[in-house]
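Worksheet: one structure, shown below.
A, B, ... follow the sequence lines: proteins, then strands. Residue 1 opens every chain.
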Amino acid sequence: MPPEDNTATVRDERYDAQRIESKWFERWQQDNSLYAAEPTSTKPKYYVLEMLPYPSGALHMGHVRNYAIGDALARYMWMNGYNVLHPMGWDSFGLPAENAAIAHNTPPREWTQRNIANMKAQMKRLGFAYDWSREVTTCLPDYYRWNQWFFLKLYERGLAYRKKSKVNWCPKCATVLANEQVAGGFCWRHEDTPVEQRDLEQWFLRITNYAEELLRDLDKLEGWPEKVRIMQRNWIGRSDGTLVDFDLGGTVGPAGSTITVFTTRVDTIYGASSIQLAPEHPLVADITANKPELRAKVEQLVAEQRKAREVGDIGEIEKHGVNTGRFAMNPYNREKLPIWVANYILMDYGTGAIMSVPAHDQRDYEFAKKYSLPIPVVIVPRASDPEETVAEPPLPFTTFDGTVVNSGSFNGLDCEDAIRKMSEHAEQKGFGKATVTYRLKDWGISRQRYWGTPIPMLYCEKDGIVPVPEKDLPILLPENVDITLTGGSPLGRVPEFVNTTCPKCGGPARRETDTMDTFVDSSWYFYRYADARNHQAPFDSNTIGYWFPIDQYIGGVEHAILHLIYSRFWTKFMRDMGLVRNDEPVARLFTQGMVIKDGAKMSKSLGNVVTPDEMVARYGADSARLYSLFAAPPDRDLEWQDSGIEGIQRFLGRVYRFIARHAPVETQLAASPSAASLPPEARQIQRKLHQTIKRVSDDFQGRWHFNTCIAAIMELVNELYGVEEKIAQGTIPAQLLAEVQRNLALLLAPFAPYLAHELWEMLGEEGSLLRAPWPKYNPALAKEEEIQIPVQINGKLRSRIVVPADADDGYVFDRAFADEKVKAAIAGKQVVKKIIVPGKLVNIVVR
RNA sequence: GCCGGGAUGGCGGAAUUGGCAGACGCGCUGGACUUAGGAUCCAGUGCCGCAAGGCGUGCAGGUUCGAGUCCUGUUCCCGGCACCA
C-alpha cells in the first residue's frame, strides 16, 4: 500500500495493481459461486477447457497464456448469457521438472498435494475464473478407481491385452528409459553404460481397432486446425496394398513356412528381384542359426538401425544389406528370389518384409545398383499408340500412370487395374489378399513407475491372468515405499502389495506391478469434470449428454498426436459401451503458440524462465495476462520481452487514471445520445466506442486475434485522452462520457478482470461486472459520416479527397478530378480508364 | 527426404474478400511539468533525399488499372514425421 497523500489531487492517483488485485482476490475467495456452471439451465451451454502446455512441471508463462485465452473466452461467453463450464484439474502437473522428465517417478504424496495447493493459489492469484467445485485431481484414489474400472471394461471387450515388447533398458539404473533418455546409445545418466534392448511383458490398448474410424471422422472435425488433422492423418497412416506369401520350399523354418510381404504395388511383382527382411524379422534368427559370420553381419545391421533411429535421421542411413544365400519363390511366376537382410527395413511396419522391385521403387533401385542386382522392367509409360511401346523408361519409373508388361497374363493392364486383378488372383489361389495397413500402433500403457494408477490385474499360478473384481476397486498405491530412481518397478519391491489371493481359486496370486501411462488420465478427465463428485460411476451419462462435446479446447500443438488421438479413441470406446452419445470429444480445437525467451523455448537449463509469480509481483496479474495476449496473435509463438509488459502496465494505468478523473457522480444511463445531437468531438468518441465494441466482439466470434482487439481498446483510450480538454470545457455530454466509461470496463472484463472489477465499482455500478451483459454496438453509430478516399493515378497514390460516406460514384469522380494535385498529375494526358472501389479508392489510368 | 507453418521498420506485430503498407505496443528523438524523473502528458519516428520526389513486405519472374495478399520458380527459418514397402 502506498502512503496516503491527502494533498495529492485525483489527477495524480496511481494505478496500484497490487492494491487492487489483493482487494478483489480477497473478495473472490469468499464467493466462488459467481463462476460456477449451473447444474440445470435453460441457457445454451458452453464448455471451454485448456490443456496444459509442456513442460508441466512448474507454472510458467506458457500456462498463463493458455489460461488467459480460455479465461477470456469463458468470461465473454458468460457475459453473453451462456451457461459456461470452465473447470480446472491436475494430473502430473505439480511435479518438479526434474521428476517430470524421468516419467513421473517418485513424488511423495504430501509433497504433491502441497504443490497442487500451491499451483491452485497461483492460478487464483492470476484471476482465472474457474469453477473450483469441479476440480479433479487425477493422481488421487477416487480417480484411480475409475481408471481401473475402465481398464476392466477394456479388458472384457478384448481391447486391453498383454504382449512382449522391446524397451530401452539401462542395466546400471535397472530401469526402462524413454527414447529421450537415450543419448547416442548410452544412458543419459551413465554415459559409459550402453542401453540394452529388453523384452518386457506389457499392457496394450487396441486403438488400432478404431484406426479406420479415427481416420474417417477427422473429416467431421471442421472446428480443428487443418494442421492437426493432417498430422493425425499421417500418424494413422492408412495404406492400401496386398499381402503376398513367398514360399520357402522348406529350406528355411518349419515345413511350409512362407515369408509374407506387404506391398502397395503388387502390379510390379513380376519385377521383383529379391526379398528384403528386417534385421529383427523372426526368420532371420533361423537363417543365421549356425552361421556365425552371417549372424555378426546381421547384428551390425541391427545396431546401425537403432543408432539411426536414435539420432532421428533414419532417412539418411547408408543402405546396407547382406545376402543370406537362401531363396523364396514368387508365387506369380515361380521365380526363385534371393533373400536379403537390410538395415532399411523396419520390423514394426507392415510385415517386416518387402519384395524389392528396383525398376519401380527409388530405394530398391539404389539398393540394387549398390549390390548389382538385376533390374527387370515391368511397367512402361502408357503409350498413346498401343503399337509403339516405350521399352525403356527412365529408371526408377515409379508412377501409377503406366502399363504392365513382362507380367504373364496381366500384360497390357493399367497399373490400377493390374493391382485389383492381381490381388484377386492371389486371393483365389490362396497365397495372398488385398489388405489395408496402418502406421498407427497399439498404445502401450504399462509404466514401471511408482506414481500412477495401478493396473488392476492379478497373476495366479492356476488361473493365469485374472482381472481384479470390480468390488475390490480401487487398488491403491502402497504408502511408505522406498522409492529410488533405479531398480525396476518400485511396486515389485513391496511384498504386501504384490502378494494377494486369487479371486477365482483362493490360491496365492501376484499383483501386476506396472502402473498406467498418465495419458490414460487425460483421455477422459474432461468427462469427469462435468460430474466430479459422482461416487457411483465415472460420470452420469445425461450430464455428459448436456455438456458434450467440448465447445472449445485450447492447448499447445505438442498434443496434436498422442493426447488427442488417445482421447478420441477413449470417447469412441465409451460410446460403444453405451456410456456417452457423442462420437468425438472436442468440437473446436485451438492450438496456441509457445512462449519464447531470447529466441529459445523457455527452459530451466537455458535459465530463461520467466515465472508468473515474478510477473505478478512486478506488474500485476492483469498486466501479465494482457501482455500474453497482446504481444502476438495467440496461435503464433510469442517472444517474451519485459519492456513489452511495461507498456501494457502503462496502458492499464492510463485507463485507471482516466476513470479516476472522470467517473460520473451518478449513473443514469439511457440509450446512447443521438448522433446528430452531438458536437463533432463527442460524435467522434461515440463512433469510436461503437467501432471498438464491434471489433472486440467480432474477434471473439471469429479469429481470436486478441492482440488486435486489445489494440482497438488502446485506440479508444488514446482517443479519450485526446479530448480531455473538451471534457473539461463540457463539450462532451456527461451521458456519453458515462456510457464510454461503463463500456470500457466491460470491454476489459475478459482480459483484465481485476482492473475491470475495480473500474466497475469506481463507476458506482451495483452488482457484479460478470452479471452485466456484454455491450452491443449500434451499427448506425459506428458508421463514419465522411470518409477519406485515396486517389491513384496509374496505381500510384497522388492525392486524397474527403467525401460523404454515402456519396455516389459520379460525385466521387467529380471531386477527384477537381482536386488540384490530380489535375496537375493528369495535365496533358489522356484518361483511358476510371476505376472506383466504393468507399475504398479511386484509380485513374492515363496515357 | 516428406508434411505443415513462416519471412513485413531498430523490435513484437497490423493490413479479415487483390484496393492508402507499417494500426497498436516497445525502443528512440524532442518538448512540457518537475528539486529530480526510471512517474505523467504532448509531438515526432520505414529508408534515401535540403526539397520536389524516389524506393520499399526474403529473392527472381508473371497476372492485374492496382499485389504483403493470386500464380510460377527459388532461398532461408521454425515445427512435426521419417528408409512406410
Side-chain angles (χ1 to χ4, degrees), chain A residues 11-12 14-15 225-231 233-235 237-239 241-242 261-265 268 276 278 305 308-309 312-319 342-346 348-357 361-364 366-367 437-439 557-558 560-561 593-594 596 599 627 630-633 635-648 650-651 653-654 657 698-699 702-703 705 707-715 717-718 721-722 724 788-800 832-837 839-846:
Chain A
R11 200 172 181 76
D12 296 313
R14 260 182 68 222
Y15 163 56
E226 190 55 26
K227 172 170 62 164
V228 173
R229 293 199 280 171
I230 288 169
M231 280 164 81
R233 203 166 283 134
N234 294 339
W235 186 259
R238 177 185 162 124
S239 98
T242 312
V261 306
F262 175 74
T263 176
T264 53
R265 294 296 305 270
T268 65
Q276 305 282 347
Q305 203 173 70
R309 196 177 285 227
D313 56 3
I314 273 199
E316 307 297 302
I317 196 172
E318 170 82 28
K319 290 176 182 51
N343 65 351
Y344 67 95
I345 308 299
L346 303 174
D348 50 18
Y349 183 78
T351 61
I354 64 154
M355 63 176 197
S356 177
V357 186
D361 182 279
Q362 180 68 41
R363 288 182 329 248
D364 294 348
E366 286 167 30
F367 193 85
T437 40
Y438 297 91
R439 211 191 74 105
V557 74
E558 71 267 22
I561 303 293
M594 287 185 305
I596 305 262
Y627 175 67
F630 175 71
D635 51 352
R636 275 221 235 167
D637 287 352
L638 154 65
E639 168 81 31
W640 191 270
Q641 286 174 343
D642 283 356
S643 56
I645 193 172
E646 281 164 24
I648 286 291
R650 208 137 53 208
F651 162 67
R654 273 164 78 82
R657 285 189 303 274
D698 285 354
D699 256 326
R703 39 172 217 163
H705 277 204
N707 54 331
T708 57
C709 68
I710 293 166
I713 300 175
M714 288 174 169
E715 283 181 43
V717 172
N718 290 346
Y721 269 74
E724 275 214 289
Q788 200 183 49
I789 296 214
V791 181
Q792 297 181 339
I793 310 294
N794 289 345
K796 296 226 175 214
L797 182 68
R798 281 294 176 264
S799 183
R800 294 189 172 89
V832 290
K833 203 167 181 181
K834 301 190 293 183
I835 292 141
I836 184 162
V837 184
K840 288 266 166 131
L841 117 169
V842 168
N843 188 12
I844 298 163
V845 184
V846 296

Would you mind reading off the distance between [X] atom [atom1] and [N] atom [atom2], rounded to a whole angstrom?
X         : N       : atom1 : atom2 : result
Leu638(A) : rG12(B) : CG    : P     : 12 Å
Met231(A) : rA82(B) : CE    : C1'   : 13 Å
Glu639(A) : rG12(B) : CD    : C1'   : 8 Å
His705(A) : rA14(B) : NE2   : C1'   : 11 Å
Trp235(A) : rC84(B) : CH2   : C1'   : 13 Å
Tyr344(A) : rA85(B) : OH    : P     : 13 Å
Arg229(A) : rG5(B)  : CZ    : P     : 13 Å
Gln362(A) : rA85(B) : CD    : P     : 14 Å

Would you say a side-chain N or O of [X] is under 4.0 Å from OP1 or OP2 of [N]?
X         : N       : answer
Arg439(A) : rC81(B) : no
Lys227(A) : rG5(B)  : no
Arg14(A)  : rU40(B) : no

* Asked: Looking across every strand, which nucleic acid part, if any, lies under 4.0 Å from Lys834(A) by heavy atom: base, sugar-phosphate, or nothing?
  -> nothing
Mind checking the [atom1] distance from [N] to [M]? Whole angstroms is fine.
N       : M       : atom1 : result
rC71(B) : rA52(B) : P     : 38 Å
rC33(B) : rC77(B) : C1'   : 48 Å
rU57(B) : rU69(B) : C1'   : 10 Å
rG22(B) : rG30(B) : P     : 26 Å

* Can you see which heavy atom on Met355(A) is nearest to which on Thr263(A), and at what distance? =>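 Taking every non-hydrogen atom into account, CE-OG1, 3.5 Å.
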* Measure across Asp637(A) and Met594(A) and return the closest heavy-atom pair with its distance rounded to 0.1 Å. =>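 That closest heavy-atom pairing would be OD1-N, 2.8 Å.
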* Please work out the stems of RNA chain B from pairs that are Watson-Crick or G-U wobble with both distances under 3.5 Å, keeping only runs of three or more consecutive pairs. =>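 For RNA chain B the paired stretches long enough to count as stems (3 pairs minimum) are B:1-7 with B:75-81, B:10-12 with B:24-26, B:27-32 with B:40-45, B:46-48 with B:53-55, B:58-62 with B:70-74.
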* Compare the minimum distances between each of rG12(B), rA82(B), rA15(B) and the side chain of Arg703(A), then state the nucleotide with the smallest one. =>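 Looking only at side-chain atoms, Arg703(A) lies closest to rA15(B).
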* **Anti or syn - rG9(B), cut at 90° from 0** => syn
* **Residue met sooner reading RNA chain B from 5', once Arg636(A) and Asp361(A) are mapped to nucleotides** =>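 Per heavy-atom nearest nucleotide, the more 5' residue is Arg636(A).
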* Asked: If each of Ala632(A) and Tyr721(A) is mapped to the nucleotide of RNA chain B with the nearest heavy atom, which maps nearer the 5' terminus, i.e. the 5' end?
  ->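 Its nearest nucleotide being more 5', the pick is Ala632(A).
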* Examine the side chains of Arg439(A) and Asn234(A) and answer whether a donor and an acceptor come within less than 3.5 Å of each other. => no
Filtered N/O pairs between nucleotides 22-27 of chain B and protein, under 3.5 Å:
unit_1  : atom_1 : unit_2    : atom_2 : d
rA23(B) : O2'    : Glu715(A) : OE2    : 2.8
rG25(B) : OP1    : Asn718(A) : ND2    : 3.1
rC26(B) : OP1    : Arg650(A) : NE     : 3.2
rC26(B) : OP1    : Arg650(A) : NH2    : 2.8
rC26(B) : O2'    : Ser643(A) : OG     : 2.8
rG27(B) : OP2    : Arg650(A) : NH2    : 3.1

* Asked: Are side-chain heavy atoms of Val557(A) and Lys227(A) found at a separation under 4.5 Å?
  -> yes
* Between Tyr344(A) and Phe367(A), is the gap from one ring center to the other below 6.0 Å? ->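 Ring centres of Phe367(A) and Tyr344(A) closer than 6.0 Å.
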* Is the backbone of Ala631(A) close enough, under 3.5 Å, to the side chain of Asn707(A) for a donor and an acceptor to pair up by distance? ->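 No; judged by distance alone, with no hydrogens or angles, the pair does not exist.
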Considering only nitrogen or oxygen atoms on both sides, find all protein atoms under 3.5 Å from nucleotides 17-20 of chain B and state each distance.
unit_1  : atom_1 : unit_2    : atom_2 : d
rC20(B) : O2     : Arg800(A) : NE     : 2.7
rC20(B) : O2     : Arg800(A) : NH2    : 2.6

